[in-house]
Amino acid sequence: MKKQLAVLVSAALQNDLSVSEVTALLEKPKYEHLGDIAFPCFTLAKKYKKAPTIIAEELAQHIQADFIKEVKVEGAYINFYLQQLPIAQQIVTQILAEQNNYGTRNANNATIAIDFSSPNIAKPFSMGHLRSTVIGNALANIAEKMGYHAERINHLGDWGTQFGKLIVAYKLWGNKEAIEANPIAELLKIYVRFHDEAEHNEALNDEARQAFKSLEDGDEEALALWQWFREASLQEFQSIYKLLGVGFDSYNGEAFYNDKMERIVTELEEKQLLVESDGAMVVPLEDMPPCLIKKNDGATLYATRDLAAAVYRQETYKPAKVFYVVGNEQSLHFKQLFTVLKKMGYHWADNYQHIPFGLMLIGGKKMSTRKGKVVLLADVLKEAMDAALRNIEEKNPTLANKEQVAKEVGIGAVIFNDLKNDRMHDIDFDIEQMVTFEGETGPYVQYTYARIQTLLKKGAYIAEEAPITYLDETAWPLIKQLQDFSDYIAKAFNDADPSQIAKYSLQLARSFNKYYAQTKMLSGDDLQQARLAVVNCVAIVLQEGLRLLGIASPEEM
RNA sequence: GUCUCCAUAGCUCAGCUGGAUAGAGCACGGGCCUUCUAAGCUCGCGGUCGUAGGUUCGAAUCCUACUGGGGACGCCA
């Protein structure tokens with residue numbers, strides 16, 4: 001539609017502006033009453049040495065077409081009002097035919113690997129990990145919608161000095177039965193104690209470093225403990241992932257790369273990038289601190305494993321892109337990582353991208369596992385589900401399968417709350433805000449979807465793909481927004497910004513609720529089916545929007 | 001100290017490839033359920049777009065500096 005109009009405008013300008021130049025200038029008017037598409041004439045003022053308002057007046061007279069209902073000049077803007085019914089017919093027909101595939105791009109045979117969630121073994125799954133998990137999951141869904149194959153990778157934090165600490169702590173204070181009964185909580189307890197005691201006993205840290213070194217060297221006892229901690233932790237994480245509805249293609253964590261690092265170190269040596277510094281091996285970098293590859297005791301570091309992981313992923317998936325959905329505080333690390341890869345001659349590192357996000361703060365400060373200052377995600381999810389259940393008991397006590405719906409709504413609220421804002425913003429943890437179900441929330445969108453389902457049922461809607469024959473003037477904003485869906489998907493993908501989908505869904509839901517409030521849907525006359533067809537399209541798109549965010553849409557709530 | 005992210009209504013945020021009267025939600029005050037789910041709709045209240053310069057016909061949006069806050073900065077991840 002925009003393109004057709006651009007052709008007309010370009011012609012009316014006698015090609016002084018190309019069709020693509022005009023397309024770039026065409027914009028959505030700021031207010032509904034100003035029409036559907038606007039063409040601002042400011043830039044033409046210079047070219048024609050005339051006031052933009054006069055240009056607008058003159059130009060407007062030369063533009064007409066059967067799909068344009070009206071052309072109005074408002075200052076320097078030409079505002080176009082489109083014929084509503086034909087557009088509505090086209091869009092509704094398309095959505096009814098494509099259903100949840102509406103907005104889906106054709107498969108392009110390229111893979112995007114997404115490294116997300118990646119919790120640390122033996123540490124609680126905190127609110128901090130929620131962000132990476134839900135953002136990464138949404139990005140994977142969006143990438144698939146865009147035609148890519150998404151490879152979901154959970155790069156578990158299952159290796160590193162922290163395991164040395166845990167092993168030492170376990171040998172000192174560990175209780176096998178307690179850990180078996182409640183693995184993460186007990187492991188956290190001894191981990192926190194380790195840090196407390198290490199504050200006035202420096203020898204503990206040395207012991208921990210030694211313990212990790214022997215783990216890396218294949219010590220059997222250490223390995224057995226590591227294995228146990230890992231299995232037990234993973235089992236607990238699975239219950240969280242199940243609640244969130246998130247799954248992975250790979251759980252290859254840091255330990256997986258244990259036997260793949262030597263090759264990297266050798267390669268760095270061969271390429272003469274490795275330099276000794278204070279007993280450690282580093283890759284010096286321009287304009288930023290050096291990248292540490294080996295500690296002075298020979299043990300590897302985070303960066304070493306990430307280098308090995310990057311090479312492995314490139315060889316295994318041959319990805320078009322790789323996203324690392326990791327907190328903003330690790331920006332330097334990824335800058336270093338990508339720079340080292342490029343120094344090694346790996347140009348594919350240009351396709352590797354850190355997708356940072358703001359910190360989850362508590363009382364304005366960063367959470368700290370070591371000090372035991374964390375909010376457990378499991379507790380938050382439980383609270384959200386309980387709150388949702390209370391709401392159901394109050395508002396819809398006769399609802400079937402309340403528990404299931406409460407789960408979908410409660411979890412939906414938490415996920416949506418995280419995804420609706422720009423990912424770079426720091427979030428101060430606020431349980432009140434997370435379990436709010438009114439206003440700009442996930443449950444608001446879910447509620448809108450559920451309302452429509454009820455309408456379709458009560459209105460005995462018969463799905464047909466025949467064009468609609470009527471459109472309420474008040475339903476026109478819905479049609480326009482339905483048309484915009486794929487633009488928002490593309491923007492969400494290009495900016496790696498799921499909030500675009502959340503904002504779009506809110507907007508669409510709000511438009512429906514307005515329409516609903518002022519129009520009797522079940523009118524009983526022959527316009528009812530046309531109305532329900534439009535509204536059904538809204539439901540299809542809302543459900544798909546929620547799905548992309550990783551949120552369920554209950555039929556009733 | 002260096003680098004980096006953030007700064008818009010009382011609170012949480014949209015808007016940021018420069019353009020028409022800076023928009024939502026929450027909170028607060030009114031109105032709307034004998035009829036489609038009131039987890040809704042509607043009216044009102046509320047803004048020096050952190051500060052100061054600059055670029056421009058035009059700046060919340062671009063540039064510079066400053067202020068305030070978060071974070072990172074060699075043997076953690």
Side-chain angles (χ1 to χ4, degrees), chain A residues 24-25 27 29-31 34 38 40-43 45-46 51-52 74-77 79 118 120 123 157 159-162 165 208-209 212 254 277-282 287-297 299 301-303 305-306 326-333 335 356-359 361 364-366 370 388 391-392 394-396 399 409 413 417 420-422 424-428 430 432-433 436-448 450-459 499 503 506-507 509-510 512-523 528 556-557:
Chain A
L25 283 172
E27 56 184 71
K30 214 166 176 181
Y31 305 94
L34 293 174
C41 296
F42 300 101
T43 48
K46 247 182 219 163
E74 197 85 35
Y77 287 88
N79 293 325
S118 311
N120 293 321
K123 287 194 195 173
W159 207 243
T161 311
Q162 55 178 338
K165 293 177 182 174
R209 274 189 283 270
F212 174 56
E254 296 185 49
S277 167
D278 297 334
M281 300 306 284
V282 310
D287 304 321
M288 63 184 110
C291 184
L292 279 264
I293 302 296
K294 272 193 165 184
K295 303 202 264 194
N296 56 19
D297 64 1
L301 286 146
Y302 184 41
R305 293 187 281 278
D306 257 1
V326 181
N328 191 25
E329 71 272 20
Q330 290 192 38
S331 287
L332 178 60
H333 164 73
K335 236 170 104 182
F357 53 83
L359 233 38
L361 305 170
K365 273 170 277 166
K366 194 181 175 180
R370 287 191 308 255
N391 260 275
I392 291 169
E394 185 194 329
K395 295 169 203 262
N396 196 357
L399 179 68
V409 171
N417 182 255
K420 74 176 171 184
N421 293 137
D422 188 299
M424 287 307 287
H425 280 120
D426 289 345
I427 298 180
D428 208 341
D430 179 359
E432 293 294 320
Q433 203 193 323
T436 298
F437 302 144
E438 286 165 26
E440 296 174 321
T441 64
Y444 173 79
V445 180
Q446 291 173 316
Y447 176 69
T448 308
R451 266 184 147 177
I452 296 175
Q453 294 314 309
T454 305
L455 275 181
L456 297 178
K457 247 170 265 159
K458 291 199 175 163
S499 81
K503 284 164 195 154
L506 280 174
Q507 228 178 69
R510 197 177 310 137
F512 166 78
N513 281 316
K514 260 180 204 177
Y515 176 46
Y516 177 87
Q518 57 192 181
T519 311
K520 173 98 181 145
M521 301 282 164
L522 306 182
S523 48
Q528 179 170 314
E556 218 181 316
M557 65 187 264

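In what follows, chains carry the letters A, B, and so on, assigned in the order in which the sequence lines appear, proteins first and then strands, with residues in each chain numbered from 1. Given the structure is predicted, the values throughout are model-derived calculations rather than measurements.
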Between [M] and [N] - [atom1] atom distance, rounded Å:
| N | M | atom1 | value |
| --- | --- | --- | --- |
| A27(B) | G10(B) | C1' | 8 Å |
| G68(B) | U51(B) | P | 15 Å |
| U61(B) | A20(B) | C1' | 16 Å |
| G23(B) | C16(B) | P | 14 Å |
| U21(B) | G15(B) | C1' | 15 Å |
| G54(B) | C43(B) | P | 41 Å |
| G18(B) | C62(B) | C1' | 7 Å |
| C11(B) | A7(B) | P | 14 Å |

Which nucleotide in the set [options] lies at the smallest distance from any side-chain heavy atom of [X]?
| X | options | answer |
| --- | --- | --- |
| Asn513(A) | A72(B), G40(B), A7(B) | G40(B) |
| Ala280(A) | G74(B), A14(B), C36(B) | G74(B) |
| Arg451(A) | C75(B), A22(B), G40(B) | G40(B) |
| Asn421(A) | C76(B), U12(B), G74(B) | U12(B) |
| Glu556(A) | A22(B), G70(B), U37(B) | U37(B) |
| Leu292(A) | A14(B), C75(B), A39(B) | C75(B) |
| Tyr31(A) | A77(B), A22(B), A14(B) | A22(B) |
| Lys395(A) | A39(B), C13(B), G70(B) | A39(B) |
| Asn79(A) | A20(B), A14(B), G19(B) | A20(B) |
| Glu329(A) | C6(B), A72(B), A20(B) | A72(B) |

| For G25(B), does OP1 or OP2 lie under 4.0 Å from any side-chain N or O of Arg510(A)? |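 Answer is no, no contact under 4.0 Å.
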
| query | Looking at Lys365(A), does any N or O in its side chain come under 4.0 Å of the phosphate oxygens OP1/OP2 on G69(B)? | reply |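 False: Lys365(A) side-chain N/O out of range (4.0 Å or more) of G69(B) OP1/OP2.
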
Sugar-phosphate, base or nothing in reach of [X], heavy atoms under 4.0 Å:
| X | result |
| --- | --- |
| Leu301(A) | sugar-phosphate |
| Ala450(A) | base |
| Thr519(A) | base |
| Gly364(A) | sugar-phosphate |
| Gln330(A) | base |
| Ser523(A) | nothing |
| Met288(A) | nothing |
| Gly75(A) | nothing |
| Leu506(A) | nothing |

| said: For Phe212(A) and Trp159(A), take the angle between the two ring planes, folded into 0 to 90°, and tell me which bin it lands in: parallel under 30, tilted 30 to 60, perpendicular over 60. | reply: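 Ring orientation of Phe212(A) relative to Trp159(A): perpendicular.
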
| Where does the angle between the aromatic ring planes of Phe512(A) and Tyr516(A) fall among parallel (under 30°), tilted (30 to 60°) and perpendicular (over 60°)? |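 Tilted.
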
| To the nearest 0.5 Å, how far apart are CG in Asp430(A) and OG1 in Thr436(A)? |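 Rounded to the nearest 0.5 Å, the CG-OG1 separation comes out at 7.5 Å.
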
| said: Does C33(B) count as syn, meaning its glycosidic angle lies within 90° of 0, or as anti? | reply: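 In terms of base orientation relative to the sugar, C33(B) is syn.
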
Keeping the roles fixed (side chain from [X], backbone from [Y]), state whether a donor-acceptor pair exists under 3.5 Å.
| X | Y | value |
| --- | --- | --- |
| Asn79(A) | Ala38(A) | no |
| Asp428(A) | Gly364(A) | yes |
| Asp278(A) | Ala280(A) | no |

| query | So, Phe42(A) and G19(B): ring centres less than 5.5 Å apart, planes less than 30° off, yes or no? | reply |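 The ring of Phe42(A) is stacked on G19(B).
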
What is the distance from [atom1] of [X] to [atom2] of [N], rounded to the nearest Å?
| X | N | atom1 | atom2 | value |
| --- | --- | --- | --- | --- |
| Met424(A) | C16(B) | CE | P | 17 Å |
| Gln518(A) | G40(B) | CD | P | 17 Å |
| Lys514(A) | C41(B) | NZ | P | 8 Å |
| Gln162(A) | C75(B) | CD | P | 16 Å |
| Glu440(A) | U12(B) | CD | P | 14 Å |
| Leu522(A) | C36(B) | CG | P | 9 Å |
| Lys295(A) | A77(B) | NZ | C1' | 11 Å |
| Leu332(A) | U2(B) | CG | P | 16 Å |

| Does a distance-only test, which skips hydrogens and angles, find a donor-acceptor pair under 3.5 Å between the side chain of Ser277(A) and the base of G74(B)? |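 A donor-acceptor contact between them is present.
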
| Hey, does Lys395(A) have a side-chain heavy atom less than 4.5 Å from the side chain of Met557(A)? |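 A side-chain contact is absent here, since even the closest heavy-atom pair is not under 4.5 Å.
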
| field | Short N-O contact, Arg510(A) and Glu440(A), less than 4.0 angstrom | value |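 Glu440(A) and Arg510(A): salt-bridged.
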
